[in-house]
Participant: 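Handing you a structure now.
Positions are given from 1, in the same order as the sequence printed here. Start at 1 and go down the list; that is how both ligands and their atoms are numbered.
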Amino acid sequence: MSESAFTPRVFSGIQPTGNLHLGNYLGAMKRFVDMQGADFETIYCMVDLHAVTVWQDPKDLMKSTRELCAGFIAAGIDPEKSILINQSQVPEHAQLAWIFNCVARMGWMQRMTQWKDKAGKNAQNASLGLFAYPALMAADILVYHATHVPVGEDQKQHLELTRDIAIKFNHDYGVDFFPETEPVIEGAATRVMSLRDGSKKMSKSDVSDASRINLTDDADAIAKKIRKAKTDPEALPSEANGLEERPEARNLVNIYAALNEQSVDQVLADVGGKQFSEFKPMLADLAVSKLAPISTEMARLMDNQDEIDRILARGSQRAREITVPILRKTYDIVGMVPPVQL
Ligand code: AMP
Ligand code: TRP
C-alpha cells in the first residue's frame with residue numbers, strides 16, 4: 001500500500017512511570033521536538049493505560065503523568081503546535097485495542113522480547129494487560145492513521161508488530177484502511193547506555209541512580225554522575241571505528257554528539273586524542289547547559305498543575321476530532337451496528 005494516501009502524521013508515547021532520564025530525552029523527546037513543525041501533524045501521548053500493566057500507586061501515577069507532561073513542554077513540545085494527551089482521556093485508544101486483541105495472534109505476542117523480559121520466569125502471574133501491551137500500542141498509533149513513529153531502538157519489535165496488525169486487519173477485511181507505519185529510529189542516541197555498565201541500556205528501573213541522568217537532576221548531580229561514569233584507560237580515538245569494543249567510551253561520545261547536535265565523526269575530530277579526565281568535564285558542562293533549563297522549566301510547570309490539566313483536556317478534544325471518525329469507520333468495517341439518531 002502506498003503511504004502517500006495518508007496525511008503525514010507523527011505519533012509517539014512515553015510511559016508516565018517516573019524518573020525521566022537522558023535516554024528518554026535523547027532517544028525520544030528531543031526527536032519529538034525536532035519533528036514538530038510544517039511537515040507533520042504531531043501527537044504525543046502519556047501512556048497511562050500502558051503504565052498500569054504493572055502495578056502503579058495511584059497517587060504516583062497521577063504525579064508522574066503531570067510531570068511527564070511538564071517534561072514534554074519543558075523539552076520544547078509546544079501544545080499549540082502538537083497535540084499533547086494522556087491516553088486514558090481519549091477512549092478510542094482502548095476501544096481500537098480491543099479490536100486489535102482479536103486480530104493479533106497469541107504466538108505474535110509471545111515472541112515479544114519486552115514481554116519476555118518483563119514477565120520473566122513468572123509469566124503465569126503477569127497481568128493479561130502486560131501480554132496485550134503491544135496491541136494497545138498498535139491502537140495508539142493506528143487510531144490516528146499515524147505514518148511515522150519516532151522511538152528508541154528498544155521499541156523496534158513493537159513497531160513491526162504494529163505493521164503486522166495493520167496488514168492482517170486490511171487483509172482479513174479486504175480493505176486498504178490502516179497505513180503501514182514507519183519507525184523513525186535515528187541519530188546518535190537511539191540507545192543510551194547505563195553510565196555504570198556499557199552493556200545495559202539506561203533505564204528508569206535500574207536500582208542504581210548513578211546509572212542514569214534524570215531530567216530532574218541538578219547541575220551538581222549531573223556533573224558528579226558524569227565524573228564517576230565508567231570508562232576505560234585509553235585516550236579517545238579520532239575516528240568512529242576506534243570506539244568498537246569500547247562500549248562505555250562510545251556511549252559518552254554518542255551522548256555528547258546527540259546533545260551537541262553533531263555527528264560522532266565531528267565530535268571525534270575535535271576530541272580525538274584527549275583523555276577522559278579532559279573529556280568528562282566538557283561533557284558535564286554540555287549536559288548541564290542543555291538539561292538545567294529543562295529541569296527548571298519542569299519545576300515551574302509543576303507549580304501550575306491547573307495549566308497542565310487544561311493542556312491535557314484541550315489535547316484530548318483535538319485528538320478526538322481524529323480518533324472518533326477512525327474508530328467509527330473501523331467498527332463499520334468490522335460490522336458493528338452504529339447508533340442511530342433518536
Ligand atoms: P519508556 O520510558 O520505556 O516509556 O520509553 C519512552 C521512550 O524513550 C521510548 O521511545 C524509548 O525507546 C525511549 N528510551 C527509553 N530508554 C532509552 C535509552 N536508554 N536510550 C534511548 N532511548 C530510550
Ligand atoms: N511502549 C513504548 C515504550 O515503552 C511507549 C508507547 C506506548 C509508545 N504506545 C506507543 C511509543 C506508541 C510509540 C508509539 O517506550
Participant: Taking only Lys NZ, Arg NE, NH1 and NH2, and the carboxylate oxygens of Asp or Glu, determine whether K225 and D217 approach each other closer than 4.0 Å.
Facilitator: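 Salt bridge present between K225 and D217.
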Participant: Near V151, which atoms of ligand 2 are under 4.0 Å from a heavy atom of that residue?
Facilitator: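 Under 4.0 Å from V151, ligand 2 has these atoms: 11 (C), 13 (C).
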Participant: Atoms of ligand 1 less than 4.0 Å from T190 heavy atoms?
Facilitator: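 The atoms of ligand 1 under 4.0 Å from a heavy atom of T190 are 20 (N), 21 (C), 22 (N).
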Participant: Would you check, one step at a time, whether the test side chain to side chain donor-acceptor pair (under 3.5 Å) holds for D140 with Q87?
Facilitator: CA-CA 8 Å; D140 293 338; Q87 197 181 23; 2.9 Å; yes
Participant: I'd like to know if the side chain of S211 reaches the main chain of L195, judged simply by a donor and an acceptor atom lying under 3.5 Å from each other, with no hydrogens or angles considered.
Facilitator: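 Pair absent, no side-chain N/O of S211 close to backbone of L195.
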Participant: So, do I167 and F178 sit near enough that their side-chain heavy atoms are less than 4.5 Å apart?
Facilitator: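 No, their side chains stay 4.5 Å or more apart.
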Participant: Which ligand 1 atoms does A28 reach within 4.0 Å, using its non-hydrogen atoms?
Facilitator: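 With A28 as reference, the close atoms of ligand 1 come out as 7 (C), 8 (O), 10 (O).
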Participant: Run down the list Q15, K204, E153 and name the one with the heavy atom closest to atom 2 (O) of ligand 1.
Facilitator: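 Selected option, by shortest heavy-atom distance: K204.
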Participant: Under 4.0 Å from any heavy atom of Q155, which atoms of ligand 1 are there?
Facilitator: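 Checking each atom against Q155, I get 12 (O).
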Participant: So, is D154 polar-close to ligand 1, with some N/O to N/O distance under 3.5 Å?
Facilitator: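 N/O-N/O distance below 3.5 Å exists for this pair.
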Participant: Is there a donor-acceptor pair closer than 3.5 Å between any side-chain N or O of D48 and the backbone N or O of S88?
Facilitator: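 Yes, D48 side chain to S88 backbone: donor-acceptor pair under 3.5 Å.
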Participant: For the side chain of K280 and the backbone of A229, is there at least one donor-acceptor N/O pair under 3.5 Å apart?
Facilitator: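 Side chain of K280 to backbone of A229, a donor-acceptor pair under 3.5 Å: yes, one is there.
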Participant: Please list, in number order, the atoms of ligand 2 under 4.0 Å from a heavy atom of I141.
Facilitator: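 Those of ligand 2 that fall under 4.0 Å from I141 are 12 (C), 14 (C).
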Participant: Can you tell if the side chain of F72 reaches within under 4.5 Å of the side chain of M46, non-hydrogen atoms only?
Facilitator: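 They are in side-chain contact.
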Participant: Go through ligand 1 atom by atom and flag the ones less than 4.0 Å from a non-hydrogen atom of A189.
Facilitator: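 Those of ligand 1 that fall under 4.0 Å from A189 are 21 (C).
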Participant: With nothing but distance in play, are any N or O atoms of Q114 less than 3.5 Å from an N or O of ligand 2?
Facilitator: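 It does not: no N or O of Q114 is found under 3.5 Å from an N or O of ligand 2.
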Participant: Return yes or no for this condition: an N or O of G23 is under 3.5 Å from an N or O of ligand 1.
Facilitator: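 N/O-N/O distance below 3.5 Å exists for this pair.
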Participant: When only distance counts, is D140 in polar contact with ligand 2, meaning an N/O pair under 3.5 Å?
Facilitator: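 The answer is yes, given that D140 and ligand 2 share an N or O pair closer than 3.5 Å.
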Participant: Relative to the heavy atoms of V151, which atoms of ligand 1 are at a distance of less than 4.0 Å?
Facilitator: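 Heavy-atom distances to V151 below 4.0 Å select 10 (O).
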Participant: For atom 10 (C) of ligand 2, which protein heavy atom lies nearest, and how many Å away is it?
Facilitator: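 Looking at atom 10 (C) of ligand 2, the protein heavy atom closest to it is M137 CG, 3.5 Å.
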Participant: Taking the six-membered ring for Trp and the single ring otherwise, decide whether the centroids of Y256 and F279 are under 6.0 Å apart.
Facilitator: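 Between F279 and Y256, which both carry aromatic rings, the centre distance is below 6.0 Å.
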Participant: Which atoms of ligand 1 sit under 4.0 Å from any heavy atom of R191?
Facilitator: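 Per the distance check, 20 (N), 21 (C).
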Participant: N/O of M193 under 3.5 Å from N/O of ligand 1, yes or no?
Facilitator: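 No: no nitrogen or oxygen of M193 is under 3.5 Å from one in ligand 1.
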Participant: Would you check if the side chain of S127 reaches a backbone N or O of T53 as a donor-acceptor pair within less than 3.5 Å?
Facilitator: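 Yes.
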Participant: Note the single closest protein heavy atom to atom 15 (O) of ligand 2, along with its residue, its atom name and the distance in Å.
Facilitator: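 The answer is Q155 NE2, 3.4 Å.
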Participant: Which bit of T17 gets closer than 4.0 Å to ligand 1, counting heavy atoms only: side chain, backbone, both or neither?
Facilitator: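 The answer is neither.
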Participant: The test is side chain to side chain donor-acceptor pair (under 3.5 Å); show your working for E248 and T231 and say whether it passes.
Facilitator: CA-CA 5 Å; E248 282 87 11; T231 47; over 6 Å; no
Participant: Are any of the N or O atoms of P150 closer than 3.5 Å to those of ligand 1?
Facilitator: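 It does not: no N or O of P150 is found under 3.5 Å from an N or O of ligand 1.
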Participant: Y133 to ligand 2: N or O pair under 3.5 Å?
Facilitator: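 Yes, there is a polar N/O contact under 3.5 Å.
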Participant: Between D154 and K201, is the salt bridge (charged side-chain N to carboxylate O under 4.0 Å, His left out) condition met? List the steps.
Facilitator: CA-CA 9 Å; D154 58 351; K201 77 170 182 176; 2.5 Å; yes
Participant: Using a strict cut-off of 4.0 Å, indicate which atoms of ligand 1 neighbour a heavy atom of M202.
Facilitator: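 Close to M202: 16 (N), 18 (C), 19 (N).
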Participant: Using a 3.5 Å cut-off on N or O atoms only, is V192 in polar contact with ligand 1?
Facilitator: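 Yes, there is a polar N/O contact under 3.5 Å.
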Participant: Can you find a heavy atom in the side chain of L286 that is under 4.5 Å from one in the side chain of M282?
Facilitator: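 No. Closest side-chain heavy atoms not under 4.5 Å.
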Participant: Numbering the atoms of ligand 1 from 1, which are under 4.0 Å from a heavy atom of G27?
Facilitator: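 Heavy-atom distances to G27 below 4.0 Å select 21 (C), 22 (N).
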Participant: Provide the number and element of each atom of ligand 2 under 4.0 Å from a heavy atom of Q15.
Facilitator: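 It comes down to these atoms of ligand 2: 4 (O).
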Participant: Do I311 and M62 sit in one hydrophobic cluster, given that two such residues count as connected whenever their side-chain heavy atoms are within less than 4.5 Å of each other, even indirectly?
Facilitator: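 No, no single cluster joins them.
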